[in-house]
Amino acid sequence: MKWEYALQEDFSLPAEGLFVINEGNFQYGNASLSFYDPLLKTTENEVFLRSNGMKLGDVAQSMTMRGDVAWIVVNNSHVVFAINTKTLKEVGRIVNFTSPRYIHFISDEKAYVTQLWDNRIFIVNPKTYKIIGHITCPNMTMENGSTEQMVQKGKYVYVNCWSYQNRILKIDTETDQIVDELTIGIQPTSLALDANGKLWTVTDGGYEESPYGYEAPALYRINPEKMQVEQRYDFAFGDSPSEIQINGDGTEIYWINEDIWRMNVNDESLPVTPFLPTKGTIYYGLTVSPYNGDVYVADAIDYVQMGKIYRYSAVGDSIDEFYAGIIPGAFAWK
């Protein structure tokens, strides 16, 4: 990615709000960042470009907040940007990744960065913006390596392995070693931790003619201490569940399966009625406000034009809708 600098704008964002991470099209370099003010219902698009005078890069994957700094993982540009959350100015960047996906902070001086097409989880020092080591994942090669989202409980970080994988890994953050793993269904897409201290993940089951296999997807509740599946909720062949999210108090999980679905973490069976029926389009991203439980759904529309975000209350009432960038896929709360 070649960053070409242009004019810069000055921003002073409010203390609270929602960042929308727009993936953009693969190899088009049109990823972008949007900011939405829930109180005023106002939107600012292309804020990274406008603030820094340069494009964000190719395929923005995720964003993680740490104090007054936001860390943006740009997958196909092999970079993680650090920006000030108020001014949006770049304060640093970490480079030379293979294909970074998510960043998770262990401390101010250590963080993990997961990778696609790499059997290593990179260890970085956020203060120096340097890669300082890596964790080699067992039974992976550079060609089929895949680690994704991370959640932490105590000193352990849990990681789902998605593309052509079927495992949850457990990492001791004191030794940076993988100490356990759990085999589940094909391709767990996301990971969350609930109020009971249980892990949740959902598999997509692969696809027809996949060399790794194809099966019906499933939702899993996992005991992280024992690394055992406590309950499995089966979907039908052809379903495509993804984007496990959890509300602010950790009592309800949400996911996309064409429609938007919701269930209590103590429920023994899947719901039969969606929380939010589809609008006949492509629901691609999802988040739940940790402050009031509002639900935000990203609509990719056709993967070419600007995507749209729909905002609903915790009981499903429509509140607002606004346009973001191309392929809005992830969110981060300020």
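Quick note: residue numbers are just sequence positions, from 1.
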Quick check on ring pair (Phe, Tyr, Trp, His ring centres under 6.0 Å): which of F105, F81, F19, Y102 does W71 satisfy it with? F105
Can a side-chain donor-acceptor contact be found between N45 and S34 if the only test is distance below 3.5 angstrom? yes
Which residues share a ring pair (Phe, Tyr, Trp, His ring centres under 6.0 Å) with F322, sequence neighbours left out: Y36
In terms of side-chain geometry, is the basic nitrogen of K153 or E225 positioned less than 4.0 Å from the acidic oxygen of its partner? yes
Does a side-chain N-to-carboxylate-O contact under 4.0 Å join D194 and R221? no
Is the distance between the ring centroids of Y220 and Y233 under 6.0 Å? no
In terms of side-chain heavy atoms, does N266 have a donor or acceptor partner in N196 at a distance below 3.5 Å? yes
Between the CD atom in Q115 and the NE2 atom in H78, the distance rounded to the nearest 0.5 Å is 10.0 Å
So the salt bridge (charged side-chain N to carboxylate O under 4.0 Å, His left out) pairs with at least one residue in residues 313-334 (sequence neighbours excluded) are K308-E321
For K89, does the NZ atom sit with more than 12 other heavy atoms under 6.0 Å from it, leaving out its own atoms? yes
Ignoring hydrogens and geometry beyond distance, is a side-chain donor-acceptor pair present between D299 and T281 at under 3.5 Å? yes
Distance-only donor-acceptor check, side chains T98 and D118, under 3.5 Å: yes
Under the side chain to side chain contact (heavy atoms under 4.5 Å, CB included) rule, what do I246 and E252 come out as? Steps first, then yes or no, please. CA-CA 6 Å; I246 199 155; E252 291 181 321; over 6 Å; no
